[in-house]
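Take a look at the structure below.
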Amino acid sequence: MMNMPPMGLGTFRLKGEPLLATLTNGLELGYRHIDTAQIYDNEAEVGTVLTRSAVSRQDIYLTTKVWTSEFGPGKLIPSLEVSLEKLGTDYLDLALIHWPSPKDEVPMAVYLEQLAEAKAQGLTREIGVSNFTVAQLKQAIEILGPGAIAHQQIEVHPLLQNRKVVEFCKAHGIAVTAYMPLAYGKVLSEQLLMEIGKRHGVSAAQVSLAWLLARNMAVIPSSTKREHQATNLAALDITLSSEEMAVIATLERGERCANPDFAPAWD
């Protein structure tokens, strides 16, 4: 089974020609991890790229996320089968619950047990969650047992470090993927990150990614420009000092970019 490559291609808000070009360029540059979701409405285009690409399916780590409308009894597995059909593949590397059920409309056990069943049926190699609080993670572990949840995908960047959740995941062997790792570009104008970047001859964005990677998180920046994709990938080769790591940690200010009205009560 393939391990998740630490640098992935996020596809949020990308569709059509821009998405096809982004993924094609990314795979050419060496990316081997693609992140999509049912609600992004772009799984079919991701599938087109996977089918056309010279890179074989087993060399790509593919994640999709199940939308909250598909949580009810008997719904989740058929929804994943539709995703697989669109993606042109017979398995996912990772299937995530995209958000906890708003106001617990669907009990967590109902959708998590279906997700575990999807894994048992071979539709996905690993399962996980996204946007879960510590309390929700505890509940999820109670439902499925320790070790069942392989991943949690949450917003993390220097301006929102989500420490409680990250530490809980680490303590329970749940790998973390940081989404919006550049805070919609806000990190680019952070003086401190720019100064550290100058020292290394890299950008503030690369410093932000290197900081997350050094904390053992996977990152899924979304970029349509080939040169940005290449510089993001180069962040894998940046080594920050422990002093630099510590000073970046002081940028925490709870600046959350993804906070829809159905979000849980954040930690």
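No hydrogens, no waters, no symmetry mates; every other heavy atom, side chains included, goes into these values.
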Could you tell me whether the side chain of [Y] reaches within less than 4.5 Å of the side chain of [X], counting heavy atoms only?
X	Y	answer
Ser203	Thr231	no
Thr24	Leu27	no
Glu28	Arg226	yes
His200	Leu240	yes
Ile97	Phe71	yes
Ile141	Ile174	yes
Val166	Gln161	no
Lys138	Phe168	yes

At what distance, to the nearest 0.5 angstrom, does [atom1] of [X] lie from [atom2] of [Y]?
X	Y	atom1	atom2	value
Leu9	Ile34	CG	CD1	6.0 Å
Thr239	Leu213	OG1	CG	10.5 Å
Leu160	Asn162	CG	CG	5.0 Å
Phe12	Tyr179	CZ	OH	8.5 Å
Gln121	Leu80	CD	CG	10.0 Å
Glu81	Lys86	CD	NZ	13.5 Å

Sidechain-backbone polar pair: [X] side chain, [Y] backbone, donor-acceptor under 3.5 Å:
X	Y	value
Thr124	Ala95	yes
Glu252	Ala249	no
Glu45	Gly16	yes
Ser53	Val49	no
Ser241	Glu244	yes
Glu43	Thr36	no
Asn25	Ala21	yes
Thr250	Ala246	no
Gln114	Gly74	yes

Are [X] and [Y] connected, step by step, through hydrophobic side chains (Ile, Leu, Val, Met, Phe, Trp, Tyr) whose heavy atoms are closer than 4.5 Å?
X	Y	result
Ile39	Val66	no
Tyr31	Met180	no
Val82	Leu92	no
Met2	Leu87	no
Trp67	Leu94	no

* **Residue that, paired with His33, satisfies side-chain contact (heavy atoms from CB on, under 4.5 Å) out of Thr63, Leu62, Asn3** =>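 Considering Thr63, Leu62, Asn3, a side-chain contact (heavy atoms from CB on, under 4.5 Å) with His33 is found only for Thr63.
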Looking only at heavy atoms, which two atoms of [X] and [Y] are closest? And how far apart?
X	Y	value
Thr64	Ala37	OG1-CA, 3.3 Å
Leu188	Ala205	CD2-CB, 3.3 Å
Ala235	Ala210	O-CB, 3.9 Å
Asn131	Gln152	N-OE1, 3.6 Å
Ser189	Met194	C-SD, 3.8 Å
Leu76	Tyr111	CD1-O, 3.6 Å

Trace of the side-chain contact (heavy atoms from CB on, under 4.5 Å) decision for Leu182 with Leu209: CA-CA 7 Å; Leu182 305 177; Leu209 294 172; 3.9 Å; yes
Answer yes or no on whether Arg125 is positioned over the face of Tyr91, meaning its NZ or CZ is under 6.0 Å from the six-membered ring centre and within 45° of the axis.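 Positive - Arg125 is close enough to the ring of Tyr91 and near enough to its axis.
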- Message: Quick one, Ile127 with Leu96, criterion side-chain contact (heavy atoms from CB on, under 4.5 Å). Give me CA distance, side-chain angles, the key distance, then yes/no.
- Response: CA-CA 6 Å; Ile127 59 172; Leu96 298 175; over 6 Å; no
*Could you give me the CA-CA distance, side-chain angles and deciding distance for Asp41 and Lys15, then say whether side-chain contact (heavy atoms from CB on, under 4.5 Å) is met?*
CA-CA 8 Å; Asp41 193 25; Lys15 285 186 192 185; 3.3 Å; yes
Side chains of [X] and [Y]: is there a donor and an acceptor less than 3.5 Å apart?
X	Y	answer
Gln136	Thr133	yes
Gln229	Ser223	no
Trp266	Asn259	yes
Glu155	His157	yes
Gln38	Ser79	yes
Glu126	Tyr61	yes
Asp104	Ser101	no

Point to revise | Pair Ile60-Thr89, side-chain contact (heavy atoms from CB on, under 4.5 Å): steps then yes or no | key: CA-CA 11 Å; Ile60 295 171; Thr89 182; over 6 Å; no
Less than 4.0 angstrom from a charged side-chain N to a carboxylate O is my criterion; do [X] and [Y] meet it?
X	Y	value
Arg32	Asp93	no
Asp35	Lys65	yes
Arg253	Glu190	yes

